[in-house]
Amino acid sequence: CPRCMQCDTKFDFITRKHHCRRCGKCFCDKCCSKKVPLPRMCFVDPVRQCAECALISQKETEFYDKQLKVLMNGATFFVTLGTSDKSELMVCRLSNNQRYLVLDGDSHYEIEIIHISTVQILTEGFTPGGGNTRAIGMVLQYKVPGSEELTQMKFTASEDFSCNKKLSASWLAAMHKATKLLYESRDQ
């Protein structure tokens with residue numbers, strides 16, 4: 001007999017089964033009662049989702065509403081490739097189709113998001129309670145297509161007054177949230 005994926009209640013004439021519109025699993029009404037927008041799956045109005053999926057959908061909606069614009073507008077960083085001592089001033093932004101990290105300076109790079117394996121946000125000002133930290137850069141590792149080796153890139157917020165340091169910090173914060181969302185969706 002079919003049962004609820006969460007509470008193991010048996011479905012019958014009174015206890016009907018409902019499908020989560022995100023994961024497709026069957027739940028009872030109590031375990032699948034959240035109604036949350038799901039625009040990435042073309043549901044315009046809020047739809048029924050299980051609690052776990054509803055939480056992820058809410059985070060995604062917040063990300064699309066707030067951080068995506070920041071990432072697409074870009075920010076300026078000193079970029080160091082691999083173990084090089086030289087860094088280049090580059091504008092880093094998310095491509096319009098949201099599939100690539102685009103870096104423009106004297107050089108030009110386009111890194112496909114799916115090939116990025118790790119992102120580490122660099123901070124300063126750490127206190128024992130975890131407060132008062134601010135993002136000053138990031139290190140990312142990615143696979144170059146056709147190669148099994150990881151390439152590393154380090155991004156450092158510019159100290160130059162012509163570059164907006166606040167914008168760089170906002171971009172890094174948005175990148176951090178994007179990374180968390182990406183890893184959460186990969187784990188599902």
Side-chain angles (χ1 to χ4, degrees), residues 22 36-44 46 49 52-82 84 86-126 130-145 150-188:
R22 186 181 175 103
V36 182
L38 194 54
R40 75 176 186 91
M41 292 179 77
C42 300
F43 290 107
V44 179
Q49 295 181 46
E52 191 176 318
C53 287
L55 185 62
I56 293 170
S57 292
Q58 286 171 331
K59 286 180 184 177
E60 282 179 351
T61 300
E62 179 184 305
F63 172 75
Y64 283 110
D65 288 348
K66 296 177 183 168
Q67 281 82 28
L68 193 61
K69 287 178 189 158
V70 173
L71 290 173
M72 291 176 77
N73 287 338
T76 305
F77 297 94
F78 281 111
V79 179
T80 309
L81 188 59
S84 172
K86 290 188 222 165
S87 61
E88 182 179 336
L89 193 62
M90 302 184 94
V91 173
C92 184
R93 65 178 178 80
L94 190 63
S95 65
N96 290 341
N97 65 8
Q98 303 160 21
R99 292 185 58 202
Y100 295 90
L101 202 54
V102 179
L103 292 92
D104 279 313
D106 290 338
S107 307
H108 177 83
Y109 297 97
E110 289 186 12
I111 303 167
E112 197 167 3
I113 300 295
I114 200 160
H115 292 168
I116 296 174
S117 57
T118 60
V119 175
Q120 177 189 0
I121 303 297
L122 305 173
T123 58
E124 70 176 9
F126 178 76
N132 298 329
T133 61
R134 68 183 179 104
I136 58 165
M138 77 174 173
V139 175
L140 67 82
Q141 291 184 320
Y142 65 97
K143 273 189 188 163
V144 177
L150 288 175
T151 301
Q152 181 172 298
M153 249 184 203
K154 182 177 180 181
F155 299 70
T156 310
S158 172
E159 295 293 334
D160 185 353
F161 289 112
S162 66
C163 300
N164 190 335
K165 213 169 184 179
K166 194 173 183 179
L167 182 64
S168 298
S170 296
W171 194 91
L172 289 166
M175 186 65 176
H176 182 64
K177 286 190 178 183
T179 305
K180 282 176 69 176
L181 269 176
L182 181 64
Y183 292 133
E184 283 175 8
S185 65
R186 282 181 182 172
D187 291 342
Q188 262 202 338

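Here the straight-line distance linking atom CG of Leu38 with atom OG1 of Thr61 works out to 7.5 Å at 0.5 Å rounding. With rounding to the nearest 0.5 Å, the separation of CG in Asp104 from CZ in Arg93 is 6.5 Å. Atom OH of Tyr109 is separated from atom CG of Leu103 by 8.5 Å, given to the nearest 0.5 angstrom. Rounding to the nearest 0.5 angstrom, the gap separating the OH atom in Tyr100 from the CD1 atom in Ile111 is 11.5 Å. With rounding to the nearest 0.5 angstrom, the CZ atom of Phe77 is 11.0 Å from the CD1 atom of Ile136. One finds the CH2 atom of Trp171 at 4.0 Å from the CE atom of Met138 (value rounded to the nearest 0.5 Å).
In this structure, a donor-acceptor pair under 3.5 Å is absent between the side chains of Ser95 and Glu110. For the residue pair Gln141/Thr118, the side-chain donor-acceptor check at 3.5 Å is satisfied.
Looking only at side-chain heavy atoms (C-beta outward), Leu101 and Leu140 come within less than 4.5 Å of each other. You'll find the side chain of Ser117 stays beyond 4.5 Å of the side chain of Lys143, heavy atoms only. A heavy-atom distance below 4.5 Å is found between the side chains of Gln98 and Leu68. Lys66 has its side chain out of reach of Lys177: every pair of non-hydrogen atoms, C-beta onward, lies at least 4.5 Å apart. Considering only heavy atoms from C-beta on, Lys86 stays 4.5 Å or farther from Leu81 through its side chain. Residues Thr179 and Ile116 fail the side-chain proximity criterion, which asks for heavy atoms closer than 4.5 Å. In this structure, Met90 and Met153 have side chains that are not in contact, with every pair of non-hydrogen atoms separated by 4.5 Å or more. Between Leu55 and Gln58 the shortest side-chain heavy-atom distance falls below 4.5 Å.
Smallest separation of non-hydrogen atoms from Ser168 and Ala75: CA-CB, 3.9 Å. The two residues Ala54 and Val36 make their nearest non-hydrogen contact at CB-CG2, 3.6 Å. Closest approach of Ser57 and Pro37 over heavy atoms only: CB-O, 4.0 Å.
Partners of Thr151 according to the side chain to side chain donor-acceptor pair (under 3.5 Å) rule, which considers only residues two or more places apart in sequence or in another chain, do not exist here. With sequence neighbours excluded, no residue satisfies salt bridge (charged side-chain N to carboxylate O under 4.0 Å, His left out) with Lys154. For Glu112, the side chain to side chain donor-acceptor pair (under 3.5 Å) partners are Arg99, not counting sequence neighbours.
For Thr156 (side chain) and Gly137 (main-chain N/O), no donor-acceptor pair under 3.5 Å exists by modelled atom type. No donor-acceptor pair under 3.5 Å is formed between the side chain of Ser84 and the backbone N or O of Thr80. Formation of a donor-acceptor pair under 3.5 Å by the Glu88 side chain with backbone atoms of Ser107 is found in this model.
The side-chain contact (heavy atoms from CB on, under 4.5 Å) test with Phe155 singles out one residue from Val119, Ile121, Val79, and that residue is Val79. With Leu94 as reference, Met72 is the one residue of Gln67, Met72, Lys69, Met175 to meet the side-chain contact (heavy atoms from CB on, under 4.5 Å) rule.
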